[in-house]
Number of protein chains: 2
Amino acid sequence: MKNDWRTVTFFCSNGKVIYLPMVSAGRMNKKVPAPTVSLIAVAKEAGVSRATASLVLRNSPLVAEPTRARVKAAMETLGYIYNRGAANLRQNRTGTIGLVLSNISNPFFSTLTAGVEEANDASEAICLIANTADSPERQSRQIRRLREHNVDGLIICPAIGSDQKLIDELTRLGLPYVQVLREIPYASGDVVTADYALGIERAMAHLVETGRKRIVFIGAMEMHSAALARLDGYRSAIRHFGLEELPVIAGTRDHRYDEEALDRLFDLPEPPDAAICYNDLIALTLFHHLGRRGMIVGTDFAVIGMDNLPQAAAAYPPLTTIATLPQRIGAVAATLLQKRLMQPERPGERFVITPELVLRNSS
Amino acid sequence: MKNDWRTVTFFCSNGKVIYLPMVSAGRMNKKVPAPTVSLIAVAKEAGVSRATASLVLRNSPLVAEPTRARVKAAMETLGYIYNRGAANLRQNRTGTIGLVLSNISNPFFSTLTAGVEEANDASEAICLIANTADSPERQSRQIRRLREHNVDGLIICPAIGSDQKLIDELTRLGLPYVQVLREIPYASGDVVTADYALGIERAMAHLVETGRKRIVFIGAMEMHSAALARLDGYRSAIRHFGLEELPVIAGTRDHRYDEEALDRLFDLPEPPDAAICYNDLIALTLFHHLGRRGMIVGTDFAVIGMDNLPQAAAAYPPLTTIATLPQRIGAVAATLLQKRLMQPERPGERFVITPELVLRNSS
DNA sequence: GGAAGCAATTAGATCGATCTAAATTCGCCT
DNA sequence: AGGCGAATTTAGATCGATCTAATTGCTTCC
């Protein structure tokens, strides 16, 4: 009646003000018919103290076997549910980690997420997810939000355009982090990434072996480290094999690319005969494009993608691709973060996954 | 030294026992150089009481303007960070919701997740994700885990094989929930789903209009409600148009299907001339299959998929598909859950998204 | 018998916020 | 000057766990 407001404010990580009527909030609280059963209730039921019950919870070797049994029985009969929130307040750790990605609906990232989940399962951690949509401002907001929720650490793929400020903020907030895929230059700390350059070089070698000479790189994205590495791989292979470098075709965020620029290349006296694509989705779009031009993928023109998404194998023709193993990257990152949580002071580690060239019929 | 154990036990939702050495745990705590700055520190700095500082936090109209300014300034200078965990303990709500899906790496689910995120952004909620891998046991474990983390509610796509027990458990745990896509029969509560049957019927009508007569359904999955609805749609359309029902081709979990069974159909005197697929990934796999048989998709044989994944548009030929709008489903589910949190007692709502037929060249 | 040692248990403080109920201050009116 | 209501502010309890620093029993040993 009075106090019929409730807000989330400026200090709670964003500028919005949201009023929730107190009445509803009160209703919301009474989740269950029974009043919540806490450790106190369990202790009383078992005829021991709160402290002992707590020790049983944590499987301490300090409690005697019969006592432990009694307490466990009490928990069972009362339907006790562990309240991690209360424990967290005291312990200052929550068993949650933040997963900060540019866009979960990107299959590459969602597979990475599955890898993180897999590893989390073993370490009893749980993921809070945040979408940055590749905006550094949004990223910063999301990080503060995660910090308020007391995540123990972050697995983060820095949004395009992030710089040292990101690392500074993470340090200021005291948040341990593992960077995945992309990385801020000179940042200390853990990194898990794939050696994209090496993957591209191997793919180029394969194309050269099978007689391709005019190889174009399609779908260069904004300049984050993972994108630069791919281009580097392409260029160093071009030099290594003494080929002519063709103009790089720019990519767009929706897995397409500058079709006109590519068409101009096809009109050259010596048109390209193969393409390395920034990722599988672009490669599959390219299939479409080539089809319209009446070219047969795999014979007239070789296409190699990157990522090895499930649909690469199911495409027609099946797509040769560089597997970047997102699931493994996610799993390694999660494991590395747990390691850092255990030993905050240990020096940063770099984990580089070597991509695998998966040969199929498109090359 | 003493107490050098720390465990997560039987009562903490799973049977595993994990010992973390206390020493590391202690280290882990000192996140920042500075001691954590709490509301008490802010209050002292601003020369007011804890209570007043708290009121400022929540933008209460009760505090006088000059006081509010002083407190805000103090927060700024001290670098105060809101501790939601502490607030949650008192308020008994966390601003987190659990998202329980069978597999996040499935593009359909990851897009749905993006939709949930989108809506959460508006309501200041944040997602904890859990993978069930379509196992009811795992699902039950994950739900208990989320409950321990005090999520306010759940958005859940019941694992294949779930039954009334799931609903009972959610009720017992006092967890408000919104079911998405699949649903337990006779469960009360909110549901967001797509009218798959209607989508399939429309696609069938389109095929019939364009002269197809022998239409096969490919990729029927295990029997959850969403799968059943698709089959229902297929069968009712078959009856409605007076067509002959062909044997349904079973699907597998990795987006493939029983190829042998389909090959047998092609050897019939009257082979099929069109297919409706359980989802786009199966349809794209089918492209491959048809290619091997030397059939041209779109002329010799029509293919219609379901979901409208980005790769459907980029496929060759572009895939006609039934858009099931996962992003919207996610957003609606998240909004509905917030509504339920505000008004726990209101009757359950069903939200049915009507799929859209997206015509492209494969049909 | 008393001290020492060990195993098992516990009282009470604590984490950092919110909520209740009461106290204080202020302006204004008689 | 005193009183009243409204506007501010605050003390203290509280949420449900963990952690510290004892305390309580028992053996055992001199």
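Predicted, not measured: the structure shown is a model, and the values here were computed from it. Just so we're on the same page: letters track the sequence lines, and every chain starts at 1.
Not a single donor-acceptor pair under 3.5 Å links the side chain of B/E124 to the backbone N or O of B/G95.
A/T67 has a side-chain polar atom (N or O) that falls below the 4.0 Å cut-off from OP1 or OP2 of C/dT9. The side chain of B/S38 contributes no N or O atom lying less than 4.0 Å from OP1 or OP2 of C/dC15. The side chain of A/R84 places no N or O atom within less than 4.0 Å of a non-bridging phosphate oxygen (OP1 or OP2) of D/dG16.
Spacing between atom CG of B/N59 and atom C1' of C/dA17 amounts to 17 Å, rounded to whole angstrom units. Straight-line distance from the OH atom of B/Y80 to the P atom of C/dG16: 10 Å, rounded to whole Å. The distance from atom CG of B/N150 to atom C1' of C/dA17 is 15 Å, rounded to the nearest whole Å. Between B/I81 atom CD1 and C/dA17 atom P the separation is 10 Å, expressed in whole Å. Following rounding to the nearest Å, A/Q91 (CD) and D/dT20 (C1') show an atom-to-atom distance of 15 Å. To the nearest angstrom, P of C/dC19 lies 13 Å from CG of B/L39. Following rounding to the nearest Å, B/Y82 (OH) and C/dA17 (C1') show an atom-to-atom distance of 7 Å. Rounded to a whole Å, the CG atom of B/N88 is 11 Å from the C1' atom of D/dC15.
Looking only at atom types and distance, the side chain of B/R50 has no donor-acceptor partner in the side chain of B/S54 under 3.5 Å away. Using modelled atom types and a 3.5 Å distance limit, the side chains of A/N150 and B/N83 yield a donor-acceptor pair.
Salt bridge annotation for B/R340-B/E349: absent, with no cationic side-chain nitrogen under 4.0 angstrom from a carboxylate oxygen.
The stretch residues 40-52 of chain B touches DNA chain D through B/V48, B/S49, B/R50, B/A51, B/T52, each having a heavy atom under 4.0 angstrom from the strand.
Between the CD1 atom in A/I126 and the CG atom in A/N120 there is a gap of 8.0 Å [rounded to 0.5 Å].
Comparing B/R68 and B/L89 by the nucleotide of DNA chain D whose heavy atom lies nearest to each, the residue mapping closer to the 5' end is B/R68. Of the residues near DNA chain C, B/S54 and A/R70, the one whose nearest nucleotide (by heavy atom distance) lies more toward the 5' end is A/R70.
Listed here is the closest heavy atom pair of B/A74 and B/E45: CB-CG, 3.4 Å.
In the set C/dC15, D/dT9, D/dA13, D/dA13 carries the atom at the smallest distance from any side-chain atom of B/R90. Nearest nucleotide to the side chain of A/A86, out of C/dG16, D/dG16, C/dA8: D/dG16. Of the candidate nucleotides D/dT9, C/dC19, C/dT10, C/dT10 has the atom nearest to the side chain of A/L55. Closest to the side chain of B/L62, from the set D/dT8, C/dG16, D/dT18, is D/dT8.
Screening A/L175, A/V116, A/L146 for a side chain to side chain contact (heavy atoms under 4.5 Å, CB included) involving A/I97 leaves a single residue, A/V116.
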